[in-house]
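In what follows, a single structure is set out as structure tokens and then discussed.
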There are 2 protein chains.
Amino acid sequence: MPAYHHGNLRATLLEAAERSLREHGAEQLSLRELAREAGVSHAAPRRHFADRQALLDALAETGFARLDTELRAALATAGADFPVRLHAVSAAYLRFATEDAALLDVMYAGKHRADRVAEAAAAPFGLLNDVIKDGQKHGAIAPGDPHRPGVLLLATLQGIAALTNGRLVIPELLDGILEAAVEQFLAGQRTDGQRTSG
Amino acid sequence: MPAYHHGNLRATLLEAAERSLREHGAEQLSLRELAREAGVSHAAPRRHFADRQALLDALAETGFARLDTELRAALATAGADFPVRLHAVSAAYLRFATEDAALLDVMYAGKHRADRVAEAAAAPFGLLNDVIKDGQKHGAIAPGDPHRPGVLLLATLQGIAALTNGRLVIPELLDGILEAAVEQFLAGQRTDGQRTSG
DNA sequence: GCAACAATGTATGCGGTGACAACAATGCTG
DNA sequence: CAGCATTGTTGTCACCGCATACATTGTTGC
């Protein structure tokens with residue numbers, strides 16, 4: 001006997017949406033299709049998401065939360081050596097970014113109307129900043145405002161992910177490029193990565 | 001008297017599509033809307049583009065061609081000093097990537113079904129490779145396979161563009177981050193950016 | 001208990017879109 | 001100028017997002 005109320009529609013929709021995103025990308029994501037999978041009428045999702053973008057916003061928000069937990073998990077299993085920790089978060093970021101490429105696109109789309117998304121994004125970005133500060137404390141990164149090196153690290157990782165997802169980088173070479181990126185970052189930030197004359 | 005044949009539909013559509021892409025993004029791009037703007041029936045574009053993706057493929061192809069010419073133009077006006085040249089191409093890439101963000105997304109989407117796109121992409125990527133090799137010749141970059149540093153450079157630039165377009169980097173800080181990225185790249189590749197033990 | 005209300009799902013419709021097929025006008029070529 | 005390929009038109013279909021009116025269910029105050 002089908003209950004009139006689904007009881008857990010919002011969570012069900014988000015879960016199905018994340019799977020659809022992974023399998024078919026954001027463009028193919030259809031509210032009506034999700035409703036069909038959940039066994040409700042095609043207008044039911046509207047009770048939980050005002051429109052399509054609201055669903056994407058929610059996906060971005062949970063995506064940032066999951067990214068944050070995965071980065072923290074990677075750091076937790078890494079030791080105390082800074083380069084190892086840096087490599088660990090970087091690898092974790094790349095894994096997330098390549099396994100959930102479409103989700104990452106949604107997260108970075110910049111079309112969000114919800115402040116919640118920006119707040120959720122603050123968690124993983126803050127974590128990266130903390131890693132940078134940790135590196136400064138250990139002397140592996142030159143002291144100064146951690147923001148710029150943080151952005152640079154994130155940009156490099158995001159770029160590698162973009163090239164990989166765009167099939168411009170062969171997945172087999174990903175690990176090697178990651179190591180090169182980490183080494184370059186350390187080499188570049190070690191001495192005088194900060195501009196003092198600008 | 002409206003001629004039955006438009007005469008230049010394909011080029012007109014591509015031009016209008018590129019403008020629509022810049023103004024409203026790829027998701028909003030509508031074949032029917034383009035047909036309306038061109039003053040033809042809604043099915044006319046089909047004669048030139050089998051489907052929507054075919055149009056996007058064509059846009060990606062011309063996009064890579066334009067990127068190539070802009071990078072070459074930037075190099076042409078730069079002098080002979082390697083760091084200056086590196087900075088010039090990088091700035092040109094970022095300008096393209098931030099002014100035509102949606103087009104870049106299409107170019108890197110990795111959904112292309114046309115080999116023509118990959119061939120068009122080879123031009124600017126080959127140019128970057130040449131820049132790297134030039135740096136090796138001048139001793140600014142450690143000798144070895146130029147592919148890895150090339151990918152790293154492209155990734156960093158692409159990542160900075162992604163963060164900027166995603167409104168995670170304030171445009172005012174773009175120039176500073178670009179300089180930091182170039183400096184880091186030079187610092188990282190100068191000595192031992194290549195792994196010799198992997 | 002139960003009435004009033006809020007929350008949640010349903011039924012139906014509108015306008016828009018991409019894709020497709022049959023047909024019409026035009027240009028090209030032997 | 002006859003035949004054919006090219007290019008544009010009209011009509012149709014399935015699908016989608018969004019909107020509104022309505023039905024059902026859970027909750028809360030009396």
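Lettering follows sequence order; numbering is per chain, from 1. Quantities reported herein were computed from a predicted structural model and do not represent experimental measurements.
- Partners of A:E37 according to the side chain to side chain donor-acceptor pair (under 3.5 Å) rule, which considers only residues two or more places apart in sequence or in another chain, are A:R19.
- Side-chain contact between A:L13 and A:V40: absent, with no pair of heavy atoms (C-beta onward) separated by less than 4.5 Å.
- Put simply, the side chain of B:M107 does not reach to within 4.5 Å of the side chain of B:D100, judged on heavy atoms.
- The CG-C1' distance, from A:L9 to D:dT25, rounds to 14 Å in whole Å.
- In this structure, B:L13 atom CG and D:dG8 atom C1' are separated by 12 Å, rounded to whole Å.
- Counting to the nearest Å, the P atom of C:dA19 and the CG atom of B:L55 are 10 Å from each other.
- Counting heavy atoms from C-beta outward, B:L153 and B:Q189 have side chains that stay 4.5 Å or more apart.
- In A:R116, the CZ atom is not crowded: 12 or fewer heavy atoms of neighbouring residues, nucleotides or ligands sit closer than 6.0 Å.
- Rounded to whole angstrom, the span from the CZ atom of B:R10 across to the P atom of D:dT7 amounts to 11 Å.
- Contacts of residues 32-43 of chain A with DNA chain D (heavy atom under 4.0 Å): A:R32, A:R36, A:H42, A:A43.
- Scored by the salt bridge (charged side-chain N to carboxylate O under 4.0 Å, His left out) test, A:D105 finds no partners at all (sequence neighbours excluded).
- Only A:L29, listed by number, bring a heavy atom of residues 18-29 of chain A to less than 4.0 angstrom from any atom of DNA chain D.
- Residues passing the side chain to side chain donor-acceptor pair (under 3.5 Å) test with A:R36 are A:E33, sequence neighbours excluded.
- Here ring-ring contact (aromatic ring centres under 6.0 Å, His included) pairs that include residues 24-53 of chain B, with residues two or more places apart or in two chains, number zero.
- Among residue pairs with one or both ends in residues 82-112 of chain B, none qualify as ring-ring contact (aromatic ring centres under 6.0 Å, His included); sequence neighbours excluded.
- Closest non-hydrogen pair, B:A88 versus B:A74, comes out as O-CB, 3.9 Å.
- Residues from residues 101-110 of chain B placing a heavy atom under 4.0 Å of any atom in DNA chain C do not occur.
- Taking the side chain to side chain donor-acceptor pair (under 3.5 Å) definition, one finds that A:R113 meets it with A:D51, sequence neighbours left out.
- With sequence neighbours excluded, the residues that form a side chain to side chain donor-acceptor pair (under 3.5 Å) with A:Q53 are A:D57.
- Shown for residues 44-54 of chain A: residues whose heavy atoms fall under 4.0 angstrom of DNA chain D, namely A:R46, A:R47, A:D51, A:R52.
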Between side-chain atoms of residues 160-178 of chain B and protein atoms elsewhere (two or more places apart, or another chain), which donor-acceptor pairs fall under 3.5 Å?
| residue | atom | partner | partner atom | Å |
| --- | --- | --- | --- | --- |
| B:T164 | OG1 | B:I160 | O | 2.8 |
| B:N165 | ND2 | B:A97 | O | 3.1 |
| B:N165 | ND2 | B:A161 | O | 3.2 |

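- In terms of phosphate contacts, B:S30 brings no side-chain nitrogen or oxygen within less than 4.0 Å of OP1 or OP2 of C:dG16.
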